[in-house]
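All values below come from the heavy atoms of this structure, side chains included, with hydrogens, waters and symmetry mates left out. Quick note on labels: first sequence line is chain A, next is B, and so on, each numbered from 1.
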Amino acid sequence: MHIAARCARMRPSAPGREIDLIVLPAAHARLVEQALAAAVAAGNLPAGERPAVDIRPAARPELGDYASAIALRLARPLRRKPLEIANTIAGHLPPAPFLASVDVAPPGFLNFRLDETWLCAQIDAMLQEGDTLAQLDNGNGRRALVEFVSANPTGPLHIGRSRGAIVGDTLARLLQACGYKVEREYYFNNAGRQMQMLGESLRIRYLQALGRQVDLPEEDFYQGDYLVQQARLLREEQGEALLSAAGRDYQRFAEAQMFAGIRSTLERIDIRHDRFFNEHSLYENGALEDVLDRLQARDQLYQAAEWEGASEEEKNRAAGRAPASWFRASRFGIDKDHVLMRSDGTPTYTLPDIAYHADKLARAYDLTVNILGADHYVQHQVVRAALDALGEDTSRLRVVILQFVRLMQGGVERKMSTRRGDYETLDDLIDETGPDAVRYLLLARSADARLDFDLDLAVAQNNDNPVYYIQNAHVRCAGILRRAEAAGIDDTVGDLSLLGDNERCFLRKALELPAVIEQSVTELEPHRIAFYAHDLAGIFHPLYENVRVLGEDVPPELAAARLRFYRAAQLVFRRVLTLMGMSAPETM
RNA sequence: GCCUCCGUAGCUCAGUGGAUAGAGCAACUGUCUUCUAAACAGUAGGUCGGGAGUUCGAUUCUCUCCGGGGGCGCCA
C-alpha cells in the first residue's frame, strides 16, 4: 500500500478564512498522476496499467523534501529508461502552490522541494484547524466497530489485558480522526461456571469475614484478595444478613463490583466503551441455534464422539462417549475440527463467539476490528472459518493480534501468578506509573513484538522516559505562550517568512501527521503515532534551545512570528497527545 | 510435530522493494544568571540471525535452516 494511492482530503475549511489545507504527500501524488496523464495524452509516454504513485519523505534532506521512485517502477511496464520517464514526468508536472521545484536524480528519482513561503503559511492553516488538526474525511462518516478488552468480570483487569485496552482505544481515536463514526464494544460473559465459582468464592470470603472457620479451596476458587475486600464490604453493609443468601446473590454482587471496578479502571486511562455486549444474550435470542442450523444445512456440522481426522488411538479413547457437534474447521485450513456443542449439550466458548461475530457483521459496519491477544489466534481463525462457512462476508472483519506483555523490574521479569491471585493489575500499574506512562509505553510497540513493560523506566522522571520527553515539548510551548502573553506580545502580526530552517524542519514533520494517522488506520498500526510523537519532540527540543521568543536580541517582528510558530507547535503536540489518550499538561 | 510472532548498534526497539539502515538508553566529551536542564551539542557503535532464490536493485518478498516467545482443550 502506498500512502499516495489513498488520496486524503481535508474537511472543507471554515468559512471566512482563505487558507486551503493540502495533505502531503497525497497532493504530490496527484500532481504526478496528472503529469503522467498529460504525458500520455501528448504521446510522450505509452498508455497502460501503472503501479500506484508512491511518494515519501526524502531519505536525506539535501535531496529534497519528498521523493518518488515511480519512474523506476514504470521502467519495466513502459519499456523506457527510468531517467527518461522521470524527466518526462517532471516536464509535465503542473504547478502547485506548495511546490518549489522538482529535480530528477539518477537512476530516476523525482525529488520534490516544498515552497518555503507556503510551508510557513501552514502555521495559520494549523491554527485555523485548532483541536481538529489533521482531521481527515477518508472515512467519510462510515461506521467502524472496535471490540477490545472483553474480559469476563471475574476479577480486576490485569496487565495482560492492558495492552489491548490501549491499542484498541487508540485505534478508535485514530479512526475518528480519519472521519469514521466509531463504536467501542466490550464482549463479556457473566454466565457459566467461572462466574459461579466467583460467587462461591465470595461466599466463603464473606463467611471468613464474619469470623467463621472456612477454608477457600485452592482448586477452581478465586484466590485474589479483591474478594476479601468485597467480603469485608458486604459485612460492613449487610452484617450477617446474607448468611442465608443463595450463591446467585453473591455472584450478582461480585459481578456488579467487578464491572464497576473494571469500568473505573478503564476510565482512569480515559477509555469508555459504548456498548457492553453480553454473551449470554445470544443464548436467549436463539442466535446459537441459528448458527448451528445454518452450519448443519451447509453440511459443516456433524455429530461424533471424536473428530473425523483423529487418530485411531484418539477415536478409541473417545469410544462410548456421547457425541458432540463438530464444525468442519479442517475444511478451512485449520488443523482440526472444533467442537461447538459438547457431549453434555452445552455450547463451547466458540459457538457464541461465532454467533457474536455474525451479529457484528449483521450490524453492517464498514469496518469491524477485533483486538486480541496472541493466545486467541487459533480461536479467531476458527470463528472466521465458521463465518466463511456460513457464507458471511468476512472481508470487513479485521483483527489485530497482540503479542504478550512482560512486566520488567530491575532488569528481570516480575512474575505474575493468577492462581495465587497476586498478579499485577492495571490499577496497580496506573498507581505506580500514572495513566500517561501506561498509555504511552503500552502503545509504543508494534503489535507483532512482545512488549516488555519496564517499570523502572515508566516511573523514571528523567530523560530516559519518552512520556515526559513528549509532554515536555507541550509544556515548553505553554511556558512561552504564558510568558509572551504576560509580556504583551501580539503574535497576529508577525511575518512568518522571517522563520528559519529549524522551524521549517519542524513544520515539515508536523505536516506528516495526516499521513501518519491515515497509515495507522489503514495498516491498523496505532503504534505509529507514538513513534511519530517522539520524532516530533526530537525535532522540537533542539529548536527550542535556539529559537527564542523573549529576549532583548529578538526583534519584535521576529518574536511575533516565532510566537505564532510555537502556538502552532503546541497545537500539534496537544493533538497528538490527545490522539494517544494522554494529557497535554501546561506545566510539569 | 503443526500453526503463529520475533531475530536490525552493548541494551530496548523503529523502519523499508530504491539513494549513505534510524531513534532512545548505556559509554565517552561538553552546555543552565537567559521562555521548564524531564533539555541540548558532540564522539563512538551494524556481515539488518545463516544460506539460497526472485529483481535493474532485497535488511524488506519467497523458500530453507538456526535461535527465542505464544498457541495447538468437549477451557474461556
Legend entry - Ion pair Arg406(A)/Asp452(A), N-O distance below 4.0 Å: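 Looking at Asp452(A) together with Arg406(A), the answer is yes, because their closest N to O distance falls below 4.0 Å.
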Legend entry - Ionic contact status for Glu313(A) with Arg317(A), cut-off 4.0 Å: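 A salt bridge is present here (some side-chain N lies under 4.0 Å from a carboxylate O).
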Inset, instruction - Enter syn or anti for the glycosidic conformation of C32(B), syn applying to angles within 90° of 0. - result: syn
So what does [X] touch, heavy atoms closer than 4.0 Å: a base, only the sugar-phosphate, or nothing?
X: Asp220(A); value: nothing
X: Ala324(A); value: base
X: Gly479(A); value: sugar-phosphate
X: Ala486(A); value: nothing
X: Phe531(A); value: sugar-phosphate
X: Arg528(A); value: sugar-phosphate
X: Glu62(A); value: base
X: Leu63(A); value: base
X: Asp452(A); value: sugar-phosphate
X: Gln379(A); value: base
X: Arg445(A); value: sugar-phosphate
X: Ala67(A); value: base
X: His527(A); value: sugar-phosphate
X: Val554(A); value: nothing

Inset, instruction - Would you please indicate if the ring centroids of Tyr469(A) and Tyr440(A) are separated by under 6.0 Å? - result: no
Inset, instruction - Answer with yes or no after comparing the ring centroid distance for Phe327(A) and Tyr302(A) against a 6.0 Å cut-off, counting only values under it. - result: no
Please determine whether a side-chain nitrogen or oxygen atom of [X] lies at a distance below 4.0 Å from atom OP1 or OP2 of [N].
X: His541(A); N: C35(B); value: no
X: Arg567(A); N: C35(B); value: no
X: Tyr377(A); N: G69(B); value: no
X: Lys336(A); N: C74(B); value: yes
X: Arg476(A); N: A37(B); value: yes
X: Ser446(A); N: A14(B); value: yes

Inset, instruction - Provide the Watson-Crick or G-U wobble partner of U36(B), both distances under 3.5 Å; none if there is no partner. - result: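 Pair assignment: U36(B) / none.
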Legend entry - Mate of U43(B) where both pairing distances stay under 3.5 Å, Watson-Crick or G-U: A27(B)
Inset, instruction - Please check if atom CD in Gln303(A) has more than 12 non-hydrogen atoms from other residues, nucleotides or ligands closer than 6.0 Å. - result: yes
For nucleotides 30-34 of chain B, which of its nitrogen or oxygen atoms have a protein nitrogen or oxygen under 3.5 Å away, and what is each distance?
| unit_1 | atom_1 | unit_2 | atom_2 | d |
| --- | --- | --- | --- | --- |
| U34(B) | O2' | Arg548(A) | NH2 | 3.0 |

Between [X] (side chain) and [Y] (backbone), is there a donor-acceptor pair under 3.5 Å?
X: Arg528(A); Y: Gln519(A); answer: no
X: Ser311(A); Y: Glu314(A); answer: yes
X: Asp456(A); Y: Gln409(A); answer: no

Length of the [atom1]-[atom2] vector between [X] and [N], whole Å:
X: Leu451(A); N: C5(B); atom1: CG; atom2: P; answer: 18 Å
X: Lys315(A); N: C74(B); atom1: NZ; atom2: P; answer: 15 Å
X: Leu351(A); N: C74(B); atom1: CG; atom2: C1'; answer: 13 Å

Inset, instruction - Please tell me if the side chains of Ser330(A) and Asp335(A) come closer than 4.5 Å, counting only heavy atoms from C-beta onward. - result: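 The answer is no; the side chains never approach within 4.5 Å.
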Legend entry - Comparing Asp535(A) and Leu543(A) on RNA chain B - which has the more 5′ nearest nucleotide: Asp535(A)
Inset, instruction - Determine if Phe109(A) stacks with A19(B); use a centre-to-centre distance below 5.5 Å and an interplanar angle below 30° as the criteria. - result: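 Stacked: ring centres under 5.5 Å, planes under 30°.
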Legend entry - Quiz item: Ser343(A) side-chain donor-acceptor pair to C74(B) base, under 3.5 Å: yes
